[in-house]
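Numbers for residues simply follow the sequence, beginning at 1.
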Amino acid sequence: VSHVLSKIMAAMDEVSVRIDDEQQFEDIPESDDLRQLKSQVKSKRGRGFGDSGAGLQGQFDVVDKDDSGQGPQRSVEGWIVFISNIHEEATEEDLSDAFSEYGDIKNMHVNLDRRTGFLKGYALVEYDTYKEALNAIQKSNGSEILGQKIKVDWAFVKPKSRRAGHR
């Protein structure tokens with residue numbers, strides 16, 4: 001048994017052991033190898049306790065923090081415009097034609113009703129720059145697509161800042 005413990009100790013730098021029922025092990029006499037193994041055990045809980053925060057060192061996209069008050073909020077990848085009250089028979093191509101004149105469309109998300117196959121009445125259009133998105137909102141809000149007046153606004157806005165002491 002002691003040669004097995006020696007091999008385990010040689011192969012591992014740290015060993016974590018948790019014993020739920022210590023009464024099972026009370027009658028086992030401790031050898032020098034077991035005492036040495038116990039002295040090397042460090043009690044750690046949770047995952048990711050390896051290299052002090054090693055799990056947190058990845059590369060992540062972060063939304064810029066701008067504490068300038070209310071207004072539009074940039075998403076991680078661009079400026080997103082929310083279009084509502086779209087005619088159900090409109091297509092992604094109709095929306096692309098209408099909104100590409102304000103700037104390069106980076107991404108467009110259109111939800112379709114599974115049962116009917118028609119548009120659900122809203123869409124999200126993403127522009128690379130604030131200027132393009134603002135231009136799209138200002139010029140297309142209240143315009144018509146397939147005879148129906150659409151509403152266009154920012155998809156994300158900064159929340160009102162809380163005053164100190166109020167929740």
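Put simply, the residue from Asn135, Val125, Val81 that forms a side-chain contact (heavy atoms from CB on, under 4.5 Å) with Tyr102 is Asn135.
At least one side-chain heavy atom of Leu119 sits less than 4.5 Å from a side-chain heavy atom of Leu112.
By the neighbour-count criterion of 12 heavy atoms within 6.0 Å, atom CD of Glu101 is densely surrounded, having more than that number from other residues, nucleotides or ligands. Atom CG of Asn85 has more than 12 neighbouring heavy atoms from other residues, nucleotides or ligands inside a 6.0 Å radius.
Phe82 meets the ring-ring contact (aromatic ring centres under 6.0 Å, His included) test with Tyr122; sequence neighbours excluded. Asp128 is linked by a side-chain contact (heavy atoms from CB on, under 4.5 Å) to Lys106, Glu132, counting only residues two or more places apart in sequence or in another chain. Listed by chain and residue number, Tyr130, Gln138, Trp154 satisfy the side-chain contact (heavy atoms from CB on, under 4.5 Å) test with Leu134 (two or more places apart in sequence, or in another chain).
The CZ atom of Phe156 sits 9.0 Å away from the CD atom of Gln73 when rounded to the nearest 0.5 Å. Taking NE2 from His87 and CG from Leu95, the interatomic distance works out to 12.5 Å, rounded to the nearest 0.5 Å. Put simply, NE2 on His109 and CD1 on Ile80 are 10.5 Å apart, with the number rounded to the nearest 0.5 Å.
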> Where do Phe99 and Ile105 land on the side-chain contact (heavy atoms from CB on, under 4.5 Å) test, with the steps shown first?
Replying inline: CA-CA 8 Å; Phe99 285 89; Ile105 295 176; 4.0 Å; yes
>> Please determine whether side-chain contact (heavy atoms from CB on, under 4.5 Å) holds for the pair Met108 and Ser96, giving the CA-CA distance in whole Å, both sets of side-chain angles, and the decisive distance to 0.1 Å.
In response: CA-CA 8 Å; Met108 180 182 295; Ser96 182; 4.0 Å; yes
> Checking side-chain contact (heavy atoms from CB on, under 4.5 Å) for the pair Val152/Ile150: CA distance, chi angles, key distance, verdict?
Replying inline: CA-CA 7 Å; Val152 184; Ile150 60 170; 3.8 Å; yes
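Between the Asp94 side chain and the Thr91 main chain, a donor and an acceptor come within less than 3.5 Å of each other. Distance alone, capped at 3.5 Å, places no donor-acceptor pair between the Arg114 side chain and the Thr116 backbone.
Hydrophobic clustering places Ile86 together with Leu146 (ILVMFWY residues linked when any side-chain heavy atoms are closer than 4.5 Å, directly or through intermediates). Residues Ile145 and Ile83 share a hydrophobic cluster, clusters being chains of Ile/Leu/Val/Met/Phe/Trp/Tyr side chains in contact below 4.5 Å.
Lys149 approaches Gly142 most closely through the heavy-atom pair CG-O, 3.2 Å. When all heavy atoms of Asp113 and Lys120 are compared, the closest pair comes out as N-CG, 3.8 Å.
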